[in-house]
Every structure is written in C-alpha cells, then in structure tokens.
Amino acid sequence: MKEKTSAQDKLYKVFIYVVLATLAILILVPVAWVFMASVKENSEFYGNPWALPAGLHFQNFAEAWTQARMGDYMLSSVIVTALALAILLVVALPAAYVLSRFNFRGRKFFSTCFMGGLFINVNYIVVPIFLMLVDGDKFLKSIFGTGFLLNNLVVLALVYAATALPFTIYLLSGYFATLPHDYEEAAYIDGAGYGLTMVKIIFPMAKPSIITIILFNFLSFWNEYIIAMTLLTDPNGTRTLPVGLMGLTQAQQSAAQYGRLYAGLVLVMLPTLILYICVQKKLTQGMTLGGLKG
Amino acid sequence: MLTAAFSAETKDICWTRAFCNKLKGDEHVEKGKGRKWFIFFCAAPAIILFTIFMVLPTLNVFRMSLFRRSAYSPNEEFVGFENFAKLFADTNFIRSMQNTILLIVVVTIVTFAFALVFAGILSREKIRGQNFFRVIFYIPNILSVVVISAIFSAIYDTNNGMLNSFLSLFSPEKVAIMWKGESLVMTSLIVAMVWQAIGYYMVMYMASMASVPESLYESASLDGAGRVTQFFKITIPLIWTNIRTTLTFFIISTINMAFLFVKAMTSGGPNGASEVALSYMYKQAYTNSSYGYGMAIGALIFIFSFALSAVVNKVTERDTLEF
C-alpha cells in the first residue's frame with residue numbers, strides 16, 4: 001500500500017516537472033528566438049525559422065540604430081522615462097505624505113479622488129488629452145505664433161507622471177500610514193520644520209516603497225505606447241522606442257526588413273530584461289506589497 | 001489674543017494628546033503657521049496634475065459623447081444622445097463588443113484556471129528550482145505589448161512562422177495555416193493574451209497561498225484528503241477574497257489589454273474580425289476624427305466595465321473564512 005502511493009507520488013512529481021518545464025519553454029523559447037533572429041541575415045528568414053543563424057550578423061543592430069532611427073528613439077525613451085519618474089517622485093511623495101499623515105479640510109475628498117483615479121485607465125482618456133493639447137496649441141498659436149504642446153517630450157512625461165499618480169499615491173500612503181507619529185514628534189522637538197522632517201526623516205524610511213514605485217513605473221513608462229503614439233504626431237519627429245518598433249513592424253510587412261526588426265525588438269527588451277534579472281526578487285515581492293495593478 | 005491663536009495652532013500640530021500637552025507653553029509652536037502652507041505646497045502639484053490630465057479628460061469623455069465634433073466640423077454641436085443611438089445600429093460596433101466579451105470570458109477563465117493550478121503546485125509541492133520557474137513565468141509581464149505582439153507575429157507568420165514550421169515536422173506537407181486569418185485571429189489573440197497574463201496572476205496567488213497555514217494541510221492529509229481535494233476544499237476557499245479582487249480587476253484590465261494587443265498585433269483586421277471595443281473607439285475618435293462618436297463608445301465601455309465588475313463582485317460574494 002505504502003509503496004504504491006510512493007510510486008504514484010513519483011509519477012505525479014514527474015508529471016508536474018514536465019508540465020512546468022513545458023510552460024517555461026513556451027515562455028523562454030519565443031524570447032530567445034528573437035535574440036537569435038536579431039543576428040540573422042535577411043536572406044535567412046526565408047528558410048526554416050528554427051535554423052541557427054549562419055553567423056553573427058551584428059549589422060542588423062547598426063541598421064536599426066541609424067537607418068531605422070532606433071538610436072534617436074532610445075534617447076527619447078530614456079529622456080521621457082527619466083523625466084516622468086523624476087516628476088512623479090517629486091509630486092507624489094509630498095502629496096502622499098500629507099494626505100496620509102495630516103488632518104486638514106478636504107483631505108478625505110482628495111484621498112477618495114485619487115483612489116477613484118485607480119479605476120480610470122489611460123486608454124479611455126487618451127483622445128480627450130490629445131484634443132486638449134490640440135486646442136491648447138491652437139490657442140498658443142494665436143498668441144505666440146507657435147504651439148509646443150504636441151510632439152513635446154516634456155508634456156509626454158507630464159502625462160505619464162499624472163496617470164501614474166493614483167497608483168503611486170495609493171501605494172505610498174499605505175506605507176506612510178503605518179509609521180508611528182513618534183518620528184515627527186522627535187524631529188519637531190529637535191527643532192526640525194515640516195519640510196525638513198519630511199525630507200530627512202520620513203522619505204529615507206520609505207526607501208523600499210520608493211524603489212518598488214520606481215521599478216513598476218519604469219516598466220510601465222518604458223513599455224507604454226498608446227499615449228506616446230497619440231501625442232507624438234509628427235511622422236519625422238521624435239518617437240519613443242515602442243512606437244518606433246511599431247513602425248518597424250509595419251515597415252517589415254512591405255519591405256521585409258526582418259533583421260532590423262528583431263534587432264529593434266532586442267533593443268526594446270534588453271533594458272527591461274536586465275533590470276528584471278537584477279531585481280526580480282524585489283519585483284515579485286513588491287507586487288504583493290502593492291496589491292493590484294490592472 | 002495670543003492664547004487663542006496658540007490653541008488653534010497647537011491643535012493643528014498635535015498628532016497625539018501626549019504630544020499636545022508637551023507643546024503647551026512651547027515657543028516653537030509658531031511653526032504651526034507654516035503648516036497650512038506646507039500642506040498646500042505638498043498637495044497642490046499632485047492635485048493640479050491629476051485634475052488636468054485625469055479628471056478633466058474623464059469628464060470630457062462623457063461631455064463629448066453628447067456632442068458632434070470632427071476634423072471637418074471642429075466646432076462642437078450638441079446632439080444629445082444621437083451618438084449613442086447611432087452606436088446600437090452600427091454592426092461594426094456590435095461585432096467589436098462581441099469580440100470584447102468573448103475575450104473577457106475566455107481569457108479570464110483560461111488564465112485563472114492555469115494561474116491557480118500552477119500556483120497551487122508551486123506553493124504546495126517541494127519543487128526543485130521553484131524560484132527559477134517563478135522568475136521565468138513572470139517574464140512576459142515585463143515586456144512591452146508591442147514586443148509581445150511582434151514576437152507572436154513571428155510565431156503566427158503563415159510562410160515562415162515558428163508555429164507552422166513546427167507543425168510541419170509532424171505532417172508530410174508544409175503546413176500553411178493562416179493564424180491571423182479571419183477565422184483564427186481571435187484564437188491567436190487569446191493565446192497571446194493568456195501567455196502574457198498567466199505569470200503575473202500566478203505570482204500573486206503564490207504569495208497569498210503562502211499565508212495558508214501548513215497545519216490545515218497536515219490534518220487534511222491525516223483525514224485522507226488527496227491533493228485535489230485539498231486544493232478545492234482548503235486552498236481555494238481560503239484565498240477566495242484574493243481571487244475575487246483579482247477577478248474584478250482582471251475584467252477591467254482585459255478590456256484594456258485587448259486594446260493594446262489588437263492595436264499592436266492586428267489593427268483590428270482582417271476586415272474588422274479582431275476589432276475590440278476600445279480599438280474601435282480609438283479608430284473612430286483618433287484615426288477617423290469623429291471625436292463625439294468615439295467618446296460615446298468610450299463612455300459606454302466605461303460604464304459597461306464598471307457594471308460588469310460590480311456584477312462579478314456581487315456574484316462571487318462568499319463569507320470570509322478566518323484562519
């Protein structure tokens with residue numbers, strides 16, 4: 001009897017490993033395939049897709065970088081992501097602190113508003129934002145002769161930061177609310193003002209939450225493409241990496257430039273993958289800490 | 001006079017009663033004056049940014065749905081519910097709604113079934129390389145939808161795609177299935193969406209399953225309950241609250257993810273076979289510049305998603321189990 005169950009157990013274990021390995025392969029293989037395809041020569045794409053590359057054709061990356069302008073787009077992506085993260089932290093940290101630890105009139109109202117913001121997805125409001133900027137540009141044109149709201153990386157970063165506010169404030173407030181007030185009292189008695197207390201005492205303690213926020217928002221800003229596509233309208237102007245990649249996908253359908261498409265894919269994926277490998281533990285833990293993100 | 005101002009201000013700074021008493025007679029209370037300004041400067045930027053880029057656009061979705069505005073008639077003209085009336089006669093819209101509902105139902109069920117079972121296995125069994133699997137399964141979640149769409153386009157390609165050439169190994173002739181053709185495009189989309197979502201929910205459930213006390217499983221096995229029984233009678237009921245919240249969020253997120261995938265992978269084609277509600281909204285509002293009509297679609301889906309979440313939330317209501 002006992003032997004039978006252990007034999008069954010073994011079979012069950014083997015079965016589990018097979019299923020898990022299959023799923024892991026299904027996830028890893030397509031990603032690895034892109035890396036392999038990125039060093040193939042264009043002619044190789046007409047043969048068996050599973051064939052190993054004949055040689056390391058790094059020319060693809062050079063072509064993607066210069067001719068497909070992925071280099072420029074990379075720069076825009078870096079600027080927008082960094083700027084949006086900076087704005088987000090500067091704006092969200094004090095707001096979350098005040099909303100979670102001070103009693104003032106309107107506090108409850110604003111907290112509820114930000115909570116409600118969690119349910120508003122940017123996909124619904126991207127067109128109104130676009131129209132608002134179009135109208136703003138028209139207005140600016142009538143006064144200054146030029147509009148600068150569309151095709152502007154700073155405005156894009158502002159929109160990113162604004163749409164990330166509800167989640168960020170929600171997560172930070174949750175953390176700030178758990179801190180005992182003794183910290184502020186001690187700082188106050190030592191003669192520190194509100195600002196100093198916040199910056200020197202409270203923010204350093206929130207470091208783990210801040211790192212989580214940077215991680216999640218980095219991923220969402222870097223990967224975002226709907227807002228970027230809508231607000232950066234100039235076909236010859238600047239774009240972010242994912243939007244540039246979409247252009248490459250469409251170009252590939254007509255001109256069959258496979259090599260540079262997959263090189264472009266690698267360029268978009270690599271930063272997130274490297275970051276993920278460095279901080280994967282933090283990320284999967286942070287997810288449960290922060291609750292849900294749709 | 002001074003005392004009056006004093007007490008008003010001290011009340012503001014007092015976080016606790018003990019501290020309040022300490023402060024009485026403290027000259028530093030003067031600082032309380034800066035308090036209002038401090039709160040203002042801290043909260044104002046966030047509130048302004050949030051109002052300009054989230055509150056106003058959201059209100060605009062609903063307002064504009066009652067107006068007619070397009071590239072050719074840039075001045076808004078109030079038309080009441082005309083846009084909505086047009087919607088229900090628009091077969092393209094009805095098809096996109098059907099596709100959306102199909103995706104919500106199928107993607108939700110498949111993702112949840114897989115994520116729960118895998119999380120159950122990975123958190124219950126002593127699996128070597130458990131962390132390795134967890135790291136791998138989460139990878140799709142960190143990739144841009146554009147990247148995933150490009151990868152799946154390479155998989156689904158009719159002539160030189162990974163899938164067709166893999167299938168050709170088992171067949172005497174070359175397989176040339178049109179995975180993104182009209183009849184299969186929704187299935188292909190579902191596979192891509194499930195591929196993307198499984199890892200995230202799995203990691204989430206693993207975290208909540210870790211909090212189920214081991215003793216429950218021990219006593220259950222003493223009573224002769226097998227793995228499957230344990231899974232359905234212990235694990236699922238105990239993490240039900242978590243499942244319920246994720247389910248509600250998942251519905252909202254599927255509507256959005258479907259848009260991202262369709263936009264990057266199929267652009268709604270071929271012949272609108274893979275159009276979903278939000279991609280149709282974007283097409284009308286942005287590409288066709290029928291802003292009012294597009295916003296009517298947006299408003300309708302907005303309400304639809306909330307109603308659906310509320311219904312799901314109600315239907316899945318159970319008594320919370322304590323452990």
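Values below: every heavy atom of this structure, side chains too, minus hydrogens, waters and symmetry copies. Numbered from 1 within each chain, the chains take letters A, B, ... in sequence-line order.
- Looking at A:Tyr124, both its backbone and its side chain come within 4.5 Å of chain B, counting heavy atoms on both sides.
- When the shell of 6.0 Å around CZ of B:Phe114 is examined, it contains 12 or fewer heavy atoms from other residues, nucleotides or ligands.
- For A:Val91, the parts lying under 4.5 angstrom from a heavy atom of chain B are both the backbone and the side chain.
- Only the side chain of A:Met132 comes within less than 4.5 Å of a heavy atom in chain B; its backbone stays farther off.
- Here A:Asn123 is the residue among A:Leu265, A:Val98, A:Asn123, A:Ile169 with the most heavy-atom pairs under 4.5 Å with chain B.
- Residues satisfying the side-chain contact (heavy atoms from CB on, under 4.5 Å) criterion with B:Asn159, sequence neighbours excluded, are B:Asp157.
- Contact tally against chain A (heavy-atom pairs below 4.5 Å) for B:Phe118, B:Tyr286, B:Tyr282: the top residue is B:Tyr286.
- Within the 3.5 Å criterion, the main-chain N or O of B:Ala207 finds no donor-acceptor partner in the side chain of B:Ser211.
- For the pair B:Asn242 (side chain) and B:Ser208 (backbone), a donor-acceptor distance under 3.5 Å is absent.
- Each of A:Leu158, A:Thr230, A:Val127 has some count of heavy-atom pairs under 4.5 Å with chain B, and the biggest count is that of A:Thr230.
- The residue among A:Val268, A:Leu28, A:Val34 with the most heavy atom pairs within less than 4.5 Å of chain B is A:Leu28.
- Both the backbone and the side chain of A:Met229 have a heavy atom closer than 4.5 Å to some heavy atom of chain B.
- A donor-acceptor pair under 3.5 Å is formed between the side chain of A:Glu224 and the backbone N or O of A:Ile226.
- Interface remark: A:Phe114 contributes backbone and side-chain atoms alike to the contact with chain B (heavy atom separation under 4.5 Å).
- For A:Phe218, the side-chain contact (heavy atoms from CB on, under 4.5 Å) partners are A:Thr81, A:Leu85, A:Trp222, A:Thr272, A:Leu275, not counting sequence neighbours.
- In this structure, A:Arg101 contributes its side chain and A:Phe176 its backbone to a donor-acceptor pair below 3.5 Å.
- No part of A:Leu93 comes within reach of chain B, as not one of its non-hydrogen atoms sits under 4.5 angstrom from that chain.
- Within the 6.0 Å centre-distance limit, the rings of B:Phe62 and B:Phe302 are counted as a close aromatic pair.
- For A:Leu165, the part lying near chain B is the side chain, with the backbone staying farther off; criterion is any non-hydrogen pair under 4.5 Å.
- Contacts of A:Leu273 with chain B are made by both backbone and side-chain atoms, with heavy-atom separations under 4.5 Å.
- Contact count against chain A (heavy-atom pairs under 4.5 Å) is highest for B:Ile139 among B:Val55, B:Ile252, B:Asn60, B:Ile139.
- Using a 4.5 Å cut-off between heavy atoms, A:Ala24 touches chain B through backbone and side chain atoms alike.
- Taking B:Val61, B:Ile39, B:Ile151, B:Ile301 one by one and counting their heavy-atom pairs under 4.5 Å with chain A, the maximum is reached by B:Ile39.
- Note: B:Arg128 leads B:Met281, B:Met206, B:Arg128 in heavy-atom pairs under 4.5 Å with chain A.
- The part of A:Ile16 that comes within reach of chain B is its side chain, from C-beta onward, which places non-hydrogen atoms under 4.5 angstrom from that chain.
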